[in-house]
Protein chains: 2
Amino acid sequence: MKKWIDAELKKNFQIEFHNENLLNEALTQASYVNEHPNRGLKFYERIEFLGDAVLQLIVSEYIFKRYPEMPQGKLTRLRAAMVCEASFSQFARECHLDRYILLGKGEEKAGARNRDSLLCDIFESFVGALYLDQGRDAVERFVHQVIFPKLDTGAFDHVIDFKTNLQEFLQRDGDADIRYELLNDAGPESDLEFEVAVLSNEQRLGTGAGKSKKIAEQNAAREALHKLRVKND
Amino acid sequence: MKKWIDAELKKNFQIEFHNENLLNEALTQASYVNEHPNRGLKFYERIEFLGDAVLQLIVSEYIFKRYPEMPQGKLTRLRAAMVCEASFSQFARECHLDRYILLGKGEEKAGARNRDSLLCDIFESFVGALYLDQGRDAVERFVHQVIFPKLDTGAFDHVIDFKTNLQEFLQRDGDADIRYELLNDAGPESDLEFEVAVLSNEQRLGTGAGKSKKIAEQNAAREALHKLRVKND
């Protein structure tokens, strides 16, 4: 089993642990240690404590820099959506960490391997072990593969209010006129699709579509922000 | 006022900001920005969001490494005692940050400058600004001056249970015999002073004194841990 995870980590994330003990510790639950009292094993909890803080900082810094107009309240909500049990347990599964957890028999039987709270812990402890073994840069590379792309695919869009962000972006240097215009509503009553454009000073900045006007406006603002940021880079 | 803080930071912490705007932003409350709407000022909240995560990680990593036998639950309690409003507001005062906060008139009148919640925020935002300006190493140096010495002077001892730590340390490699022995109880009834030694396998590891046997035992365990760690280094 040890070899499998080594091969997976190398293939999927170009990660090779120098100190294998750290990886073992990160994947070992207390129930397993209790069943093998003479092996001098350690369980993941201390490393998880560290990994949690590492993830908090890397995610905080990334969204702080990526969304320079986003006020603190929204940054906090976005971070809470990214750094939470639901997200981390999903990431743990995507990385197949669930397959390699060392569990006691009772916990295995009780279905702990599929328990979100354990998988969240294991994702944090894995990151903690990687941090101890290879430092922050290695964790950044990992998180840039596993977490940050989800910001682009819309996994956290429910907490990102693009209309407000666009308004803040355009009003940095004073007042700005912003207007949303319905371009089209097509389809049968039960399956309407709206298309909306966002304009500032009568210049079209972006368009968006969606099942409601609200969603279409959010998508238009999102496209506008993306274009403005590319232009500003 | 600007010059005063620059001089204080340089003298007390050898800190010189490259980007003064970051320091200004870290010390400016929203009420001040609102009173000066045309100056293009920013207030501290976003930088505070980042500083909070920076402090969490640096404190977590420090206690993780300093107390290698401390279980997660205790690490979490210790971190909570160090990274909290009561501690951070005290640190902000000790660093004289309170003197340099830019407040609106209403907030000034309402006593915000002495409000723990604001001082805590300002301590975090100051650290966030230092991190953005000079990176993690500069924050580490600052925190090693301002926060970590307090672990040695006992500011957080109420959350550190040294007896348990010593037990865990000695039992890493199997069972260990640990015994506390009362050496002395001296003084008048109302002002008794206890002196206690801690022994393992009949070897005296440390002694401690205190107003109760419990406190004396904690101090003896603390001395023993300190000596054992020095020996192990």
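In what follows, every heavy atom counts, from backbone to side chain, and hydrogens, waters and symmetry copies are set aside.
- Taken to the nearest 0.5 Å, the CZ atom of F49(A) stands 4.0 Å off from the CD1 atom of I63(B).
- For residues 50-57 of chain B, heavy-atom neighbours of chain A at less than 4.5 Å comprise L50(B), D52(B), A53(B), V54(B), Q56(B), L57(B), sorted by residue number.
- Ranked by heavy-atom pairs under 4.5 Å with chain B, the first of R46(A), R79(A), Q72(A) is R46(A).
- The structure places NZ of K65(A) at 6.0 Å from CG of L132(B), a figure rounded to the nearest 0.5 Å.
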Determine, stepwise, if the pair E45(B) / T76(A) fulfils side chain to side chain contact (heavy atoms under 4.5 Å, CB included). CA-CA 11 Å; E45(B) 293 195 352; T76(A) 303; over 6 Å; no
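- Residues satisfying the ring-ring contact (aromatic ring centres under 6.0 Å, His included) criterion with H96(A), sequence neighbours excluded, are absent altogether.
- Contacts between Y67(B) and chain A at a heavy-atom distance below 4.5 Å involve the backbone alone (N, CA, C, O).
- Other residues, nucleotides and ligands place no more than 12 heavy atoms under 6.0 Å from the NZ atom of K42(B).
- Only the side chain of Y131(B) comes within less than 4.5 Å of a heavy atom of chain A; its backbone N, CA, C and O stay farther away.
- Applying the salt bridge (Lys or Arg N to Asp or Glu O under 4.0 Å) test to pairs two or more places apart or on separate chains, those with a residue in residues 124-143 of chain B are E61(B)-R136(B), R136(B)-E140(B).
- For H36(B), the ring-ring contact (aromatic ring centres under 6.0 Å, His included) partners at least two apart in sequence or on another chain are Y32(B).
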